[in-house]
Amino acid sequence: MVLDDLGDSLKSTLKKIANAVHIDSKLIKDVVRDIQRALLQADVNVKLVLELSKKIEKRALEEKPPAGMSGREHVIRIVYEELVNILGDSRELPIKKQVIMMVGLYGQGKTTTCGKLAAYFKKKGLRPALVAGDIHRPAAYEQLKQIANQVKVPFYGDKKSKDAVKVVKEGLNKFKKTSDVIIVDTSGRHKLEADLIDEMKEIFKATKPDEKLLVMDAAVGQQAGPQAKAFNDTVNITGIVLTKLDGTAKGGGALSAAAEVGAPIVFIGTGEHATDFEKFDPAGFISRLLGMGDIKALLEKAEESLKGKDAEKTAKRIMSGKFTLHDMYDQMDMLSGMGSLKKVAEMLPGGFPGKGKIKDEDMDSTENKLQKFKIIMDSMTNEEMNDPSIIRSSRIKRIARGAGVENRNVKELLKYYNMMKRTMKGLSGNRKMRKNLMKQLNFGK
Ligand SMILES: Nc1nc2c(ncn2[C@@H]2O[C@H](COP(=O)(O)OP(=O)(O)O)[C@@H](O)[C@H]2O)c(=O)[nH]1
Ligand SMILES: [Mg+2]
C-alpha cells in the first residue's frame, strides 16, 4: 500500500544481500546502485539519493560488523539506519492545550486532516475545536463544518466574511475557555502566491499557534522541496503531515521535502476517512517499507515464530524488574488466549490481584476487564505509558474522557498496574518462580 514500488525494489535488494555468498565490494556497489535506482524511481530528490548512497557505500566498505553480527546483517542494518536517518527524528505532538495552524497548497488534504487531528485529540481525551480560516472558497466552510459534524467537535466559521484573520480571531475567542486543541484551517492556492503568503503571515501573527503543520500530498513529486521550504520560511513549520499515502506508489518527493525542511513528519494520512490516520515513526515506517521482519527471518535460519520471540523479549524485560504500561499492554496481547491467561494467573501469588484463586467463571470477566484496560491505554500518551507515575487527576480525567469510561476505571487500571509491577518485581527476585513461569509459558522450548 504505502510506497509499494519503492518497498518492493528495496526488499529485493535486501534479499540479494541476505542470499549473497560473499559480501564484497562488488556486491556492495551493486546494492548501492539498486538502491539509487529504487529511490530515484520513487521521486526522491537526486541530491539526497547521491548523499545517501555515498554514505551507505562508505560505511558498508569500511565498518567492521560488531561482534555477533554477520556481514550480511551488518550491511542490511546500515541501509536501514541511513534510510531512517533521512527521515529525521521522530516526534509526537504533545497531548495538551494548544493552537494548531494548518498550512499547505490547495487540494493537499488540509481540511480533511483537520478532522483527523480533531478525532485523534478527542481520542486522547482532549476537547478539540475547528476554525474555518479558509474564507476564499464558500465550499471550504461547508466542508469543514461537515467534517466537524462527522467527528462531533465544535466548529466556528463565517461564511460571508472576507477577512480570514478576523474569523480566526473570533474562533479562538469563542473556544478559548471551552476547548483544549483549536485547529485552524487555512486556505491554499494552486501555487504559492504573494497574497497567500501575506494572509498566512497575518493569521500566524494573530493566532500565535503552538504548532504549524504543513500538509503535503505524498504524490507531490520533485517540486515538493522548494514548496515546503517556502512555507517553512513563512511560518516555521513544526511538523509535516503526509497525505494520500494510500494512493501513491511513489511518495519519495514528499519524503525528500521533509528531509530538506528538517521538520519531522508527525502523521500520515492513508485514506479519506477520519480514522485513516497514523502517527508517523521513521524507524517503524522504514522497517515496514523494507520488510525487515521478512529479511530478519531470512537471515536467521532459526525457525522461531516471531510472536514467540516478542513474547520472550517482553518476558525478559518484565523479569528485569522494569515494567511499564507498554509491557503490560504487550503482556495482555500475549495472554489474550484464556488458557495462557489462566496459567499465569495461577502462577501469581494469590491469583489476580484483588481476587482469590481464579475460577473458570471469573476468567470471562477478567478478559473483559483486560479489553477495557487496553482501550484506556489507547487514550494515553507514550510518555504516560512509559511512566504511569505522572498520571494525576487532570490526566485521569482526560484519559477517561478519551476512552469513554469513568475516572474510577482509569484509577482501577493504575491500581492493577501497580500491583502487577510489585508482583513482577517479586518474581524477578525469585529464581525458581522465574524458571517456572518461563516453562509454563513455553518460551524457548
Ligand atoms: N485517498 C486519500 N484522500 C485524501 C487524503 N487526505 C485528503 N484526501 C482527499 O483529497 C481531497 C482534497 O482534500 P482537502 O482536505 O479538501 O484539501 P485542502 O484543499 O488542502 O483542504 C479530498 O477529496 C480529500 O478527501 C488521504 O490521506 N487519502
Ligand atoms: Mg481546504
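Numbering of ligands and ligand atoms starts at 1, following listing order.
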*Asks:* To check your reading of the model: name the closest protein heavy atom to atom 26 (C) of ligand 1, its residue, and the distance in Å.
*Replies:* Gly271 O, 3.0 Å

*Asks:* Could you list which atoms of ligand 1 come closer than 4.0 Å to a heavy atom of Thr270?
*Replies:* 27 (O)

*Asks:* Run through Glu82, Glu51, Glu81 and flag the one making a side-chain contact (heavy atoms from CB on, under 4.5 Å) with Ile56.
*Replies:* Glu82

*Asks:* Could you list the atoms of ligand 1 found under 4.0 angstrom from a heavy atom of Gly269?
*Replies:* 27 (O)

*Asks:* Is any side-chain heavy atom of Met380 closer than 4.5 Å to a side-chain heavy atom of Leu413?
*Replies:* yes

*Asks:* Consider every N or O of Leu245 and every N or O of ligand 1, then say whether any pair is closer than 3.5 Å.
*Replies:* no

*Asks:* Compare every heavy atom of Tyr120 with every heavy atom of Ile95, then report the nearest pair and how far apart it is.
*Replies:* CD1-OH, 4.0 Å

*Asks:* Could you tell me if Asp134 and Thr186 have a donor-acceptor pair between their side chains, going purely by distance under 3.5 Å?
*Replies:* no

*Asks:* When you measure from atom 22 (C) of ligand 1 to each heavy atom in Thr112, Val103, Asp185, which option holds the nearest one?
*Replies:* Thr112

*Asks:* Closest non-hydrogen protein atom to atom 25 (O) of ligand 1, residue and atom name please, with distance?
*Replies:* Glu272 CD, 3.4 Å

*Asks:* Would you please say whether a donor-acceptor pair under 3.5 Å links the side chains of His136 and Glu199?
*Replies:* yes

*Asks:* Please evaluate residues Asp163 and Ser161 with respect to the criterion side-chain hydrogen bond (donor to acceptor under 3.5 Å, both in side chains), reporting the C-alpha separation (whole Å), side-chain torsions for both, the decisive distance (0.1 Å), and the verdict.
*Replies:* CA-CA 6 Å; Asp163 185 347; Ser161 175; 5.8 Å; no

*Asks:* Quick test of your reading of the model: are Glu170 and Lys166 salt-bridged, counting only N-O distances below 4.0 Å?
*Replies:* yes

*Asks:* Regarding Asp378 and Tyr329, do their side chains bring together a donor and an acceptor under 3.5 Å, going by distance alone?
*Replies:* yes

*Asks:* Can you pull out the closest protein heavy atom to atom 17 (O) of ligand 1? Residue, atom name and distance to 0.1 Å, please.
*Replies:* Gly109 N, 2.9 Å

*Asks:* Need the ligand 1 atom indices (1-based, order shown) with element for anything under 4.0 Å from a heavy-atom of Leu105.
*Replies:* 20 (O)

*Asks:* Could you name the option among Lys116, Gln143, Met102, Gln108 that has the heavy atom nearest to atom 16 (O) of ligand 1?
*Replies:* Gln143

*Asks:* With a 4.5 Å heavy-atom cut-off, do Ile286 and Leu87 have their side chains touching?
*Replies:* yes

*Asks:* For atom 4 (C) of ligand 1, grab the closest protein heavy atom and report residue, atom and distance to one decimal in Å.
*Replies:* Lys244 CG, 3.7 Å

*Asks:* If I apply the N/O under 3.5 Å rule, does Lys110 come out as touching ligand 1?
*Replies:* yes

*Asks:* Any salt bridge linking Lys54 with Glu57? Criterion: basic side-chain nitrogen under 4.0 Å from a carboxylate oxygen.
*Replies:* no

*Asks:* Any side-chain donor paired with an acceptor under 3.5 Å for Asn232 and Lys229?
*Replies:* no

*Asks:* Looking at CE of Met385 and CE of Met328, how far apart are the two atoms once the value is rounded to the nearest 0.5 Å?
*Replies:* 8.0 Å

*Asks:* Give a yes/no on ligand 1: does Gly107 have at least one heavy atom closer than 4.0 angstrom to it?
*Replies:* yes

*Asks:* Does any N or O atom in Thr111 lie less than 3.5 angstrom from one in ligand 1, N or O only?
*Replies:* yes

*Asks:* Which one holds for Asp246 and ligand 1: side chain close, backbone close, both close, or neither close, with close meaning a heavy atom under 4.0 Å?
*Replies:* side chain

*Asks:* So how many protein N, O or S atoms does the Mg ion (ligand 2) have within less than 2.8 Å?
*Replies:* 1

*Asks:* Using the six-membered ring wherever Trp is involved, compare the ring planes of Phe155 and Tyr141 and label them parallel, tilted or perpendicular (cut-offs 30° and 60°).
*Replies:* perpendicular

